[in-house]
Amino acid sequence: MREWISYLGEIVLVTAVSGLLYTVSPEGNLKKHLHFVISLCIVVSLAVPMFSMVMDLPEIFEKSFEEAERGEVGTNEKLEDSLISVSKKEIEKAIASYIAGKYAIAETEIFVETVLDAENPESIEIREIHIEIGGECSVSFEKIRSDLEEMFLGKSRVTVSSAK
């Protein structure tokens with residue numbers, strides 16, 4: 001912040017001195033050349049902070065890249081964990097919605113808990129599905145269980161129970 005204040009002070013000083021020189025200069029051909037030189041001085045004084053900023057850009061980028069590389073490992077793990085968590089919730093919601101629609105059970109009466117195998121984040125597998133049904137159910141739990149096992153090709157262990 002102090003750098004910006006000093007740059008602003010320099011610009012004000014250059015502008016004030018330039019204006020003073022321009023007003024005291026004699027009329028004629030010399031005044032045109034003096035006006036040109038004064039304009040160049042003002043432009044240079046305005047451009048100096050930009051040049052120093054441009055010269056500092058490689059250092060700023062290098063520091064930010066180093067910081068990003070140091071924090072990258074933790075960030076990727078957090079991102080994977082949140083992705084797995086969101087995927088798990090969406091899977092559970094989809095299973096509850098499927099059961100509610102197929103067997104005419106209120107979705108609020110269905111509680112689904114899944115166990116995911118997420119060792120490889122590129123291929124998350126559903127290992128277990130636990131379902132608790134709280135309301136009245138006209139279909140046997142075995143029918144729901146076998147239907148879901150068939151839907152997941154027998155790769156997931158499905159348990160269906162009453163929440164009562």
Side-chain angles (χ1 to χ4, degrees), residues 1-102 105-132 134 148 151-153 155-158 163:
M1 184 72 181
R2 288 184 178 182
E3 292 174 0
W4 285 104
I5 292 172
S6 68
Y7 286 136
L8 186 60
E10 289 175 16
I11 291 170
V12 168
L13 183 65
V14 168
T15 307
V17 170
S18 300
L20 184 63
L21 285 174
Y22 187 72
T23 54
V24 296
S25 65
E27 292 294 325
N29 206 13
L30 182 65
K31 193 160 189 160
K32 289 181 186 177
H33 296 294
L34 187 61
H35 181 68
F36 177 71
V37 171
I38 289 172
S39 299
L40 281 179
C41 289
I42 292 174
V43 168
V44 168
S45 69
L46 289 172
V48 166
M50 292 179 202
F51 286 135
S52 65
M53 196 169 22
V54 168
M55 297 302 275
D56 291 341
L57 280 179
E59 294 173 10
I60 293 169
F61 284 131
E62 187 174 311
K63 286 179 185 177
S64 62
F65 285 138
E66 288 173 358
E67 290 172 2
E69 287 175 355
R70 284 190 298 248
E72 183 176 332
V73 175
T75 304
N76 283 344
E77 290 174 0
K78 289 177 186 175
L79 192 61
E80 287 175 359
D81 290 344
S82 76
L83 177 67
I84 291 168
S85 174
V86 168
S87 298
K88 181 180 180 199
K89 288 177 184 174
E90 288 298 316
I91 291 168
E92 291 169 352
K93 185 178 173 184
I95 292 172
S97 178
Y98 170 77
I99 293 171
K102 184 164 185 174
I105 304 170
E107 197 168 333
T108 57
E109 299 290 327
I110 302 170
F111 175 74
V112 179
E113 179 70 30
T114 58
V115 177
L116 302 178
D117 178 12
E119 286 182 29
N120 183 2
E122 294 178 9
S123 65
I124 299 172
E125 295 181 17
I126 303 170
R127 291 290 177 207
E128 297 178 20
I129 303 170
H130 303 289
I131 302 168
E132 290 184 3
L148 287 174
M151 188 167 86
F152 288 101
L153 305 172
K155 292 185 177 186
S156 301
R157 194 175 129 243
V158 180

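Index from 1, following the sequence.
- Nearest heavy-atom pair across Pro26 and Leu30 is CG-CD2, 4.2 Å.
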Distance-only check: which donor-acceptor pairs under 3.5 Å involve side-chain atoms of residues 31-39, not counting sequence neighbours?
from, atom 1, to, atom 2, distance (Å)
Lys31, NZ, Tyr22, O, 3.4
Lys31, NZ, Glu27, OE2, 3.1
Ser39, OG, His35, O, 2.9

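- Here Glu128 pairs with Arg157 under the salt bridge (charged side-chain N to carboxylate O under 4.0 Å, His left out) rule; sequence neighbours left out.
- Among residues two or more places apart in sequence or in another chain, the salt bridge (charged side-chain N to carboxylate O under 4.0 Å, His left out) test is passed with Glu132 by none.
- With rounding to the nearest 0.5 angstrom, the CG atom of Asp117 is 9.5 Å from the CD1 atom of Ile84.
- In this structure, the side chains of Ile131 and Leu148 come closer than 4.5 Å at one or more pairs of heavy atoms.
- At least one donor-acceptor pair under 3.5 Å links the side chain of Ser156 to the backbone N or O of Ile126.
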Working for salt bridge (Lys or Arg N to Asp or Glu O under 4.0 Å), residues Glu90 and Lys88: CA-CA 5 Å; Glu90 288 298 316; Lys88 181 180 180 199; over 6 Å; no

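- By the side chain to side chain contact (heavy atoms under 4.5 Å, CB included) test, Ala100 is found to be paired with Glu107, Ile110, residues two or more places apart in sequence or in another chain being considered.
- Glu10 is linked by a side-chain hydrogen bond (donor to acceptor under 3.5 Å, both in side chains) to nothing, counting only residues two or more places apart in sequence or in another chain.
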Sequence neighbours excluded and cut-off under 3.5 Å, please list the side-chain donor-acceptor pairs for residues 91-98, or say none.
from, atom 1, to, atom 2, distance (Å)
Glu92, OE2, Thr114, N, 2.9
Glu92, OE2, Thr114, OG1, 3.1
Tyr98, OH, Lys102, NZ, 3.4
Tyr98, OH, Asp147, OD2, 3.0

